[in-house]
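Numbers restart at 1 for each chain; the letters A, B, ... are given by sequence-line order, proteins then strands.
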Amino acid sequence: MQLALLSDIHGNIRALEACLAHAHARGANRFAVLGDLVGYGADPSAVVARVQALQAAGAVVLKGNHDAMAVAPPEQVRTHGEQTARWTHTRLDAAQREWLDALPLSVTLDTLFLVHASALAPELWHYVYDARHAMVSLAAARSSAPQIQFVFNGHVHEQTLYYQGLDGNLLPFAPQPGVAIPVPPERLWLATVGSVGQPRDGRPDAMYALLDSVKWTLTFHRVAYHFHGAANDVRLAGLPEYLAARLERGR
Amino acid sequence: MNTAPATGALRHRSAHSEIFDVSAAERLADAPQCLKRPLTGRDVAPAHAHARAIAFENECRLLAALHGPATPQYVAAHPYGDAPWLLMEAIPGATVADVLARYAAEPGERHTAEIAQIGQAMALAVHALHRQGVVHHNLQAQHIMLREDGTAALLDFGMAWHAGFPDLLALGPATKSRSHHHTGPQRSDRRADITAVGRILYALCTGHPPAGKHPQPPRATHAETTPPWLQEIVMRCLNSQDQTGYASAALLAFDLRFPTQVQVGAQGLRTHLDAWGRWRQWVSVRTPSAAAPAATLVLTVVPSPEAPVARHHAMRHATQRALGGHPNARLVCASLHPPSTDHSLQRSQVIQLEMWAAALCDGAPPSHGIACQPITSGDAARSLLDWARCLAIDHVLIDAEEAQWRFAETDILRTALPFTLTLVHADAPL
């Protein structure tokens, strides 16, 4: 299985199409979308339709906090996310909202555990931003299903591989794009696969990861796409300039 | 595949592992193969068993990622469970430890030329490794095979570090502060391997490894077989953390191949360690430079003396630009000639190159960092590329007109070259 792991698309159809084309060209034959299909970006409806088509072809699709927020926008607006949640809500039709609402929070595929945020109480959307939280997420996944060796998270918009060092504790590793990292299933792994549609590490290229479960390698990819176009889409949609500019800066 | 192929005779046993022959019927490919098993069970204290198992796993995954003749070809492995194994190419030949044993048994066997040749082979193998983003971290004489063609292959990657992979030997912050585990130099610091090559070169020169931080200069006991240039090279390797140390293994190979251009300083001439030298070494050990500055090796194909002045001028200009005045830049001035057995002709070819290089240095005779190498061959283009390859050259410059007819009959330019190739046009703006 060549499993493409995509997360945090955030209504960015251009970045999604670029990642899917990139993954297809590298032999991806299974897809998993780890939540946050919508929110922030200009094309929530197009992204939902595209991911629905992926799901119909066998893809795993999970719910993220922004998907939940778009289904039921908060009364009070305090953040950009909450502001665009109301806008996103209006751009989705009732059937799309119903579909988003019905998405699962996590899925187990044999030894893989897929979840948007931490596997510990996924509905609370805890971030996995360091080794300690990675350990908690991994332990929570393994307590629900002991065969789990891999946990794949989104939510943090950065690509990090947590692995066991010499003393068995998890350590963070910043992957180089395009390097096939050996991830033997005899070890425990947790990866945050990065964000397709809203990178925040200073580079505007879209991110996703490709797991080869024959050779057991994990490759973190960066994909060039027309981010100026995506930013202009955000401006034309009348969304805050800040959300457009961050696509161009990758911040 | 988790089952190991059946093994034949025990070929080698070290403190950590056993290596077995693999019969032709059991091989997974055509080349001769051997099977490595780490020593486990009752031979190993439990505290070390875990670290050893992880090191073996590390070796397997790194060998699988490496390619080229500087490392044994990986075939298959299963580094887990009760009977871990690694199937890889069996490299024929002797190890550098065998050479040391030969020198110890027969001191008259020690020859400067052989030491330099072995040193160059080791340095080039280490450079090939470094170019793939890997630092070995455990180079010892018994881990280096010398192939019959004079090249070296490196073994035993248990402690090695790969730039693109998570470091399985790393410790979490909590354990690190508690343990006495010394990781030594930074895991990404390639100079650790250059120092290790220096220690082996020192042993080849003197018969024993350098003692402590202030070893006797090799010329104290072995002045006859250790000329000043060789001692200079060895001491620069041992001080690789210092500013005067080698920035890359390719620079070390260059110096061993072209000893006449080595700038011999006080550390090369010294025959004993005085108080001043001891103090200086102490200072240099305590003030390591932050990062290895970049190094570049340039090979310029010097046009024939009959070529128009404009072409020579353009080549000199392009060469100077490629070197960029960088202290870690090295230059090989090469010229291409049909085969000949006339020694006086070869001598005059070297002199012509030296004169050409002198013009690069404002008329002064070229000394430090510039080597002159006429290349005589029936297939000049092929030989040129072989030379560039075996000197680990980064950048080759050749006159565009000359390249056109030299490479006309070959498909060399369609193959992947391990260096940048610049075609210099005489009439292009300078």
Does some side-chain heavy atom of [Y] sit less than 4.5 Å from a side-chain heavy atom of [X]?
X: I181(A); Y: P166(B); result: yes
X: Q164(A); Y: I54(B); result: no
X: V179(A); Y: F165(B); result: yes

At a heavy-atom separation under 4.5 Å, does Y80(B) approach chain A through its side chain, its backbone, both, or neither? side chain

So if I take each residue of residues 203-228 of chain A and look for any heavy atom under 4.5 Å from a heavy atom in chain B, which residues do I end up with? none

If the contact rule is any heavy atom under 4.5 Å from chain B, which residues of residues 143-163 of chain A qualify, in numerical order? L161(A), Y163(A)

Taking heavy atoms only and a threshold strictly under 4.5 Å, list by residue number the residues of residues 57-71 of chain B that touch chain A; give 'none' if the list is empty. E57(B), R61(B)

Is it the case that more than 12 heavy atoms not belonging to [X] sit under 6.0 Å from its [atom1] atom?
X: R132(A); atom1: CZ; result: no
X: H126(A); atom1: NE2; result: yes
X: Q2(A); atom1: CD; result: yes

The complete set of salt bridge (Lys or Arg N to Asp or Glu O under 4.0 Å) pairs with one or both residues in residues 66-89 of chain B, sequence neighbours excluded, reads E89(B)-R147(B)

So what's closer than 4.5 Å to chain B heavy atoms on A180(A): side chain, backbone, both or neither? backbone

When rounded to the nearest 0.5 angstrom, what is the spacing between NE2 in H162(B) and CD in Q176(A)? 8.0 Å

To the nearest 0.5 Å, what is the distance between CG on N169(A) and CG on L171(B)? 9.0 Å

State whether the side chain of H50(B) and the backbone N or O of L166(A) hold a donor-acceptor pair below 3.5 Å, judged by distance alone. yes

